[in-house]
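Beneath this line is the structure, given in structure tokens, with notes to follow.
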Amino acid sequence: MKNIDLDRLKDLVLGKDGAAFDVRTGRSYRLNPSGELALRLLQEGQPEEVVVRELAGRFAQHPAVVAAGAEAFVGQLRRYLP
Amino acid sequence: MSTRTDRRPWTQWTVGVTGVNARPDNPGPGCAVARCLSEAGGFRGRIVGLGYGTLDPGLYHPDDGDGGYLLPYPATGADALMERLEEILAGEPLDAIVPSLDSELPNFIALQPELARRGVRMMLPGRAELRSRDKDRLPALCARAGVATPRVRPISDPGFFARCTGEDEGGWRYPLVVKGVFYDAYVVHDPAEAAYRFGQIARAWGYPVLVQAHVAGEEVNLTALGDGTGALVGPVMMRKQALTEKGKAWAGVAIDDRDLLAAGERLMRALRWSGPLELEMLRDAAGTLHLIEVNPRFPAWVYLSHAVGRNLPAALLALQQGVRPDDLPLSPPRPGVTFIRHAREIIVPMEEIVSVSMNGSTLPRTLPDPRRRLTA
């Protein structure tokens, strides 16, 4: 979860049903429930272990599985939020 | 500035708006400016279209205008324009004019003192400020403002395009952008295509033709007002989502881009601009913003400013009446608000067309009709 600027993350405004709008680029995205929760936690500035723990608890997944998924999600954010 | 003692509020002014042509592939801004004023809260004045062609729709618009007049083409000069404006003012005292085309700015700047004496307000940059945002001077402006811009060069010999990749000519690399001084820009990929576009632009707009390094990226635009102090007043930012063949916005979304805003503030400080302007910028893959053009007027998409609570044409009139920038009723940015342009026919009675063709003006209208819409 390194190398993502917190201010840039906050450019993504979450709406209803996982809708996310990037106020800087005008692009819209749709997040699934786990992505929505992960983004909210990241926007709060939570560290990686907290994000993984919260996701694992909420979605009843093994932390190792969640960690891999979270890493992939962050990779997507880096690509979409240059 | 004005000798008129009339203290009517700007919402009761008669306002002339130019640039009321509206070809769908490349509309002038005038109809959008008129629509902004027509829908501005409390506006009960008159909006008069000032056009250059019998088929300019802003002369006849039933919802956003109260008739109009033909003007001589800008190339005929300031004296011809003043002569025509005197004829118009004799029958229709204008409280303000909002020039909305690049090519007419030099004439209106020249006439500003005389028109001010006759009570016609305009908020325009000075000649030097106008010149400093010419396309061939953007590198100097951007150096002062700390903003990136592609290198540009005026040329008058199409043979340049065959030589330009050589070190002696500066080692340019295709694709390039070939541009007119006022209008039109084409991305070209080889010397033959470049020479063809060069000839096309030279025939339409004269010399010099400009060549600019091509920047691949996403276009973002900002429109705002300058009050002459260097402040950026009421910025509205937009990303184009759909383009016409001429690269004009057919749809766009309001954004809130702090880098674009910061660049706009630096450019405005460097320009100390007075009046409306539009910044066209490209963001490259690395995220760097490059200034492509500074347009000395509202853009054709300025109606979006009304939609996001920052009606810039209305704010312009308020500034002209002496309202301080801090007191303008400007909402916070509303990113996500989208516009989608569409073409629509307006029906014009034959008598109106005949009147414009024969007399250079629409038929007289008596009182403002009660057509003003509710405000957004």
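In what follows, every chain begins at residue 1, and chains take the letters A, B, ... in the order their sequences are listed.
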From CG (B/Asp256) to OG1 (A/Thr25), nearest 0.5 Å: 11.5 Å
Chain A interface, residue from B/Leu261, B/Leu260, B/Asp259, B/Thr338 that has the most non-hydrogen pairs under 4.5 Å: B/Asp259
Those residues that, when tested against A/Arg30, pass side-chain hydrogen bond (donor to acceptor under 3.5 Å, both in side chains) (two or more places apart): none
Sub-4.5 Å side-chain heavy-atom contact between B/Arg258 and A/Arg8: yes
Under 4.5 Å from any heavy atom of chain B - which part of A/Asp11: side chain
Side-chain heavy-atom pair A/Arg24, B/Val220 within 4.5 angstrom cut-off: no
Neighbour count >12 (heavy atoms, 6.0 Å) for atom CZ, B/Arg151: yes
More than 12 heavy atoms from other groups under 6.0 Å of OH on A/Tyr80: no
Engaged part of B/Ala254 at the chain A interface, taking heavy atoms whose separation is under 4.5 Å: backbone
Residues, nucleotides or ligands: over 12 heavy atoms within 6.0 Å of A/Leu6 CG: yes
